[in-house]
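All remarks here apply to the structure that follows.
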Amino acid sequence: MSIQSVRAFLAQHAPDIDIIETDTPTATVQQAAIVHNVEANQIAKTLSLKLKNEVVLVVCAGEARLDNQKVKQVLGAKARMLRADEVVDSTSHPVGGVCPFGLPRDLVIYCDISLQQYSEVLPAAGSVNSAIRISPTRLLELVKASWVDICQ
């Protein structure tokens, strides 16, 4: 379902955005940066976290790392990364293709300010060899996210 759910989401909410599919896997930040010929931080990685009993997504720059103290301070709880099976259950996307689009249910989504330094970022699009090009502001608006400062 994954990339198909992203296609359906974009068709409904942003029909002007095309999914870029590559023959080469782009599941890691480094792979994606090379294939798309951009800086690693322009790859907008989506982290799947558990806060207490709630799953949330955090979209951040490719080389950004969560700052546990900031996460606890800003989001109000200690976070843990979801296991691969939990990621698929929560997002319908495989690890390496996780994105905030085409989710099976509404999740709280945050965009880290680390994305704001770029006019264009590339989040995955539901598979390990797909992405889209989008401005950070449009990404935030499209998925009804909130800006946060929780990365190092």
Side-chain angles (χ1 to χ4, degrees), residues 1-3 5-10 13-14 17 19-20 25-33 35-36 38-152:
M1 171 174 156
S2 197
I3 194 169
S5 68
V6 174
R7 272 197 186 95
F9 177 88
L10 292 174
H13 301 285
I17 297 177
I19 293 177
I20 304 161
T26 56
T28 69
V29 169
Q30 280 65 38
Q31 289 172 330
V35 169
H36 295 292
V38 296
E39 292 179 35
N41 272 332
Q42 281 184 269
I43 303 303
K45 67 182 176 187
T46 302
L47 304 175
S48 306
L49 306 175
K50 184 95 171 216
L51 296 172
K52 297 180 183 172
N53 293 322
E54 180 182 31
V55 172
V56 302
L57 300 181
V58 175
V59 186
C60 59
E63 293 183 326
R65 300 287 175 253
L66 286 178
D67 181 315
N68 291 330
Q69 285 190 314
K70 285 183 177 181
V71 169
K72 191 171 183 180
Q73 184 178 35
V74 173
L75 303 183
K78 183 179 178 182
R80 87 165 167 83
M81 300 288 281
L82 295 184
R83 296 184 315 268
D85 62 315
E86 294 174 308
V87 170
V88 174
D89 287 345
S90 296
T91 68
S92 80
H93 307 314
V95 172
V98 178
C99 63
F101 318 111
L103 303 171
R105 67 183 193 286
D106 289 339
L107 295 176
V108 174
I109 301 169
Y110 299 101
C111 288
D112 186 75
I113 62 169
S114 58
L115 297 172
Q116 293 177 339
Q117 63 186 311
Y118 297 101
S119 60
E120 182 178 74
V121 294
L122 287 91
S127 71
V128 297
N129 66 326
S130 64
I132 67 167
R133 291 180 178 268
I134 190 169
S135 76
T137 302
R138 184 149 186 222
L139 169 65
L140 179 97
E141 293 167 356
L142 191 59
V143 299
K144 298 174 177 64
S146 302
W147 287 118
V148 291
D149 178 4
I150 58 173
C151 289
Q152 298 174 349

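Side chains are part of it too, since the values below use all heavy atoms of this structure and drop only hydrogens, waters and symmetry mates. Residue numbers run from 1 in the order of the sequence given.
Listed by first and then second residue, the salt bridge (Lys or Arg N to Asp or Glu O under 4.0 Å) pairs involving residues 111-121 are E120-R133 (not counting sequence neighbours). Screening residues 40-70 for ring pair (Phe, Tyr, Trp, His ring centres under 6.0 Å) gives no qualifying pairs among residues at least two apart or on separate chains. Listed by first and then second residue, the ring pair (Phe, Tyr, Trp, His ring centres under 6.0 Å) pairs involving residues 47-76 amount to none (not counting sequence neighbours). Applying the ring pair (Phe, Tyr, Trp, His ring centres under 6.0 Å) test to pairs two or more places apart or on separate chains, none has a residue in residues 112-152. Listed by first then second residue, pairs satisfying side chain to side chain donor-acceptor pair (under 3.5 Å) with a partner in residues 136-146 read D16-R138, not counting sequence neighbours. Within the structure, salt bridge (Lys or Arg N to Asp or Glu O under 4.0 Å) pairs that include any residue of residues 77-104 comprise R80-E86, R83-D85, R83-E86 (at least two apart or interchain).
Smallest separation of non-hydrogen atoms from V29 and A40: CG1-O, 3.5 Å.
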Contacts under 3.5 angstrom, residues 94-110 side chains, donor-acceptor by atom type, not counting sequence neighbours:
none

Quick one: side chains of residues 48-68, donor-acceptor pairs under 3.5 Å with protein atoms, not counting sequence neighbours, listed by atom name and distance.
residue: D67; atom: OD1; partner: Q69; partner atom: N; Å: 3.0
residue: D67; atom: OD1; partner: K70; partner atom: N; Å: 3.1

Q.
Go through it in stages, so that I can follow the logic: the residues are V148 and I113, the test is side-chain contact (heavy atoms from CB on, under 4.5 Å), and I'd like the CA-CA distance, side-chain angles, deciding distance and then a yes or no.
A. CA-CA 6 Å; V148 291; I113 62 169; over 6 Å; no

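Inter-residue side-chain proximity for V74 and D149 is flagged as unmet; no heavy-atom pair is nearer than 4.5 Å. A 4.5 Å side-chain heavy-atom check between S5 and H93 finds at least one atom pair inside the cut-off.
Here N129 pairs with S127 under the side-chain hydrogen bond (donor to acceptor under 3.5 Å, both in side chains) rule; sequence neighbours left out. Taking the side-chain contact (heavy atoms from CB on, under 4.5 Å) definition, one finds that Q73 meets it with nothing, sequence neighbours left out. Partners of H13 according to the ring pair (Phe, Tyr, Trp, His ring centres under 6.0 Å) rule, which considers only residues two or more places apart in sequence or in another chain, are F9. With sequence neighbours excluded, the residues forming a side-chain contact (heavy atoms from CB on, under 4.5 Å) with A125 are V6, I19, S130, I132, listed by chain and number.
K45 NZ to L115 CG: the interatomic distance, rounded to the nearest 0.5 Å, is 10.5 Å. Expressed to the nearest 0.5 Å, how far OG1 of T28 lies from CD1 of I43 amounts to 9.0 Å. Separation of atoms CG (L82) and CG (L47) is listed at 10.0 Å; rounding is to 0.5 Å. Rounding to the nearest 0.5 Å gives a distance of 12.5 Å between CD1 of I134 and OG of S119.
Between the side chain of T26 and the main chain of A32, no donor-acceptor pair closer than 3.5 Å is present.
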